[in-house]
Structure formats: C-alpha cells, structure tokens
Amino acid sequence: MNRIVLAMLAVAVIVVSGFATGDSAMTNTPPAFSADDESAVRALVNEFANTWNQHDMKAMHELDTEDVEWINVVGHDWRGKTNVYKGHVAIHKGMCAMTSMSVESATIRSIAPTVAVAVATMHFEPSLDPRFSWMPAAKTRGSFTMVKRNGIWKIVHFQNTLIDPKAENDDETKWDATGFPPPGHPLIHPTAR
C-alpha cells in the first residue's frame with residue numbers, strides 16, 4: 001500500500017513540475033541582444049539596400065545563408081541561395097536595373113540568441129528605364145529572419161509586401177474588441193473607400 005501511495009506521489013510531483021517547467025518556458029522572454037548583435041542585424045538590413053542600389057547581386061547574396069528562402073513582393077518563392085541569386089540577377093537586368101531603394105525604418109527583435117527578425121519599411125523608386133515607366137514607386141514592408149552562424153549574421157528568410165496606402169494607418173489594433181473594424185470601415189462598406 002505504501003508503495004502505491006509513494007508511486008502516486010512521485011507521479012504527482014513529476015506532473016506538477018512538468019506544468020511548472022512548461023509554464024515558465026512559455027513566459028520566458030528571449031535574452032536581449034547585445035549591442036553588437038543588434039548593430040550587426042541593423043547593418044545587414046542597410047547593406048541589403050546598398051547592394052540593391054549598386055545592383056551588385058554577388059554582394060547582395062553574400063548576405064544570405066545557403067538555405068535562404070526569398071518571397072518577393074509579387075509572390076515569387078525562391079529557395080536556396082543559387083535560386084535567389086538567379087531571380088535577382090534576372091530582375092536587375094530588366095525592370096529593376098535602374099531602380100533604387102531606401103530603408104525608412106527597421107524594428108529588430110531577438111527570437112533566440114542566434115535568431116532575429118527585422119521588419120523594415122522600404123521605399124522603391126520607379127525605374128529610370130523608359131521601358132519600365134509603368135513601374136510606380138512603391139512602399140513595402142520587408143520581414144527579414146536572420147541567423148547567426150559561425151559568429152556572422154545572415155539572412156535566412158525574407159518576405160516583402162506592398163503597403164496599401166489606404167490601409168497603412170488602419171491596422172487591427174484600431175479595431176474594436178470584437179476583432180471587427182469599426183462601422184463605416186471599407187472592409188464592412190467597400191464603397192467607403
């Protein structure tokens with residue numbers, strides 16, 4: 001009988017400690033970046049813009065890991081450094097050959113000691129090439145996932161989205177507690193746009 005009671009107590013302790021461990025794991029925040037790491041991640045975002053403006057695809061893709069995945073603003077999904085490079089070479093020989101881009105702002109956060117996410121608001125100027133005069137200026141939001149491998153930060157994933165100027169200042173944080181936009185919002189009344 002005592003063995004059964006002791007066994008039940010042991011199981012109870014294990015279960016309770018498992019819940020406590022699981023709970024603390026869910027509430028722990030990742031360690032803060034060192035100033036050097038934050039600076040390196042921010043520099044990586046800025047160097048992406050610099051290499052874009054120089055149309056130097058070799059230098060641009062030195063910023064990537066071998067297993068990088070790139071989802072561009074029109075939805076191309078390029079996987080692996082070789083494919084991302086080929087995709088960028090193609091567009092920089094054509095419609096992006098005479099474009100420029102700038103980073104308006106970037107927010108950076110640590111996910112783990114060697115993983116970071118940077119969300120950058122970027123401006124792409126229209127092409128100066130008369131063949132691509134149909135390309136308007138664009139404001140986008142790019143999400144970079146970066147990893148630190150062998151002491152060096154690199155881009156492992158990127159996704160870029162056009163910013164709809166009508167929606168830019170009307171995100172879900174302004175919606176009511178139900179999760180729905182306020183009355184008269186264009187999502188509810190499309191003619192309100």
Side-chain angles (χ1 to χ4, degrees), residues 38-65 67-109 111 115-147 153-175 181-182 184-193:
E38 184 169 347
S39 180
V41 168
R42 194 168 298 283
L44 196 51
V45 172
N46 291 327
E47 189 57 21
F48 168 71
N50 291 338
T51 58
W52 179 282
N53 293 336
Q54 295 166 8
H55 307 285
D56 184 346
M57 299 302 99
K58 185 173 188 293
M60 179 186 286
H61 295 292
E62 287 302 313
L63 307 175
D64 297 338
T65 62
D67 59 341
V68 67
E69 183 172 3
W70 204 275
I71 302 171
N72 71 12
V73 73
V74 296
H76 291 131
D77 185 4
W78 299 329
R79 295 177 187 202
K81 192 173 187 173
T82 301
N83 289 328
V84 175
Y85 176 82
K86 284 180 186 176
H88 277 126
V89 165
I91 66 172
H92 279 264
K93 282 183 177 177
M95 65 187 186
C96 292
M98 298 179 77
T99 61
S100 64
M101 120 17 167
S102 62
V103 176
E104 175 184 309
S105 63
T107 58
I108 297 168
R109 68 186 179 107
I111 302 299
V115 181
V117 171
V119 178
T121 301
M122 302 179 293
H123 295 268
F124 290 84
E125 298 304 320
S127 177
L128 299 175
D129 187 329
R131 296 174 300 156
F132 303 105
S133 60
W134 52 265
M135 281 183 55
K139 186 175 183 181
T140 70
R141 192 151 292 125
S143 179
F144 297 82
T145 304
M146 301 177 191
V147 294
W153 285 97
K154 292 207 174 209
I155 302 166
V156 71
H157 190 273
F158 177 80
Q159 195 275 324
N160 200 17
T161 302
L162 282 171
I163 296 174
D164 179 342
K166 294 176 186 167
E168 183 174 12
N169 294 313
D170 188 27
D171 66 24
E172 66 191 40
T173 60
K174 296 179 183 170
W175 296 2
H185 187 279
L187 287 175
I188 306 251
H189 303 284
T191 57
R193 282 189 172 215

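We number each residue from 1, following the sequence as shown. Computed from heavy atoms alone, side chains included, the values below leave out hydrogens, waters and symmetry copies. The structure presented is a predicted model; accordingly, all values stated were derived computationally and were not measured.
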Chemist: Nearest 0.5 Å, please: how far is CZ in F124 from OG1 in T140?
Modeler: 4.5 Å
Chemist: Got a second to check how far R42's CZ is from M146's CE, nearest 0.5 Å?
Modeler: 10.0 Å
Chemist: Would you compute the distance between atom OG of S102 and atom CG of N50 and round it to the nearest 0.5 angstrom?
Modeler: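 Reported value, rounded in 0.5 Å steps: 11.0 Å.
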Chemist: So does A97 get a backbone contact from the side chain of H55, meaning a donor-acceptor N/O pair under 3.5 Å?
Modeler: yes
Chemist: Of all heavy-atom pairs between W52 and C96, which one has the smallest distance, and what is that distance?
Modeler: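 Distance-wise, the nearest heavy atoms are CZ2-SG, 3.9 Å.
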Chemist: If you measure from CG on D67 to CZ on R79, what distance do you get to the nearest 0.5 Å?
Modeler: 11.5 Å
Chemist: Going by heavy atoms in the side chains, are D64 and W70 under 4.5 Å from each other?
Modeler: yes
Chemist: Show the numbers, then the answer: is there a side-chain contact (heavy atoms from CB on, under 4.5 Å) between F144 and I108?
Modeler: CA-CA 9 Å; F144 297 82; I108 297 168; over 6 Å; no
Chemist: Considering all heavy atoms of both residues, which atom of V117 and which atom of I111 are nearest to each other, and what is their separation?
Modeler: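 Minimum heavy-atom contact is CG2-CG1, 3.7 Å.
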Chemist: Any donor-acceptor pair under 3.5 Å linking the side chain of H88 with the backbone of K58?
Modeler: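 No, the answer is negative, given that no donor and acceptor are paired below the 3.5 Å cut-off.
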Chemist: Between NZ of K86 and NE2 of H61, what distance do you get to the nearest 0.5 Å?
Modeler: 12.5 Å
Chemist: Does any N or O in the side chain of K139 come within less than 3.5 Å of the main-chain N or O of P165, such that one atom is a donor and the other an acceptor?
Modeler: no
Chemist: Is a donor on one side and an acceptor on the other found under 3.5 Å between the side chain of K154 and the backbone of E62?
Modeler: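 Side chain of K154 to backbone of E62: a pair is present.
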Chemist: Mind listing the closest non-hydrogen atom pair of F158 and G142 along with its distance?
Modeler: CE1-CA, 3.9 Å
Chemist: Could you state the interatomic distance from CG (N83) to NE2 (H76), rounded to the nearest 0.5 Å?
Modeler: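 It is 12.5 Å, given to the nearest 0.5 Å.
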Chemist: Please find the pair of heavy atoms, one from R141 and one from T121, that lie closest to each other, and give the distance.
Modeler: NE-OG1, 3.4 Å
Chemist: Is the backbone N or O of M101 less than 3.5 Å from a side-chain atom of N53, with the two atoms forming a donor-acceptor pair by type?
Modeler: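 Here the side-chain-to-backbone pair exists.
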Chemist: Please report the shortest heavy-atom distance between T51 and F48, naming the atom on each side.
Modeler: OG1-O, 3.0 Å
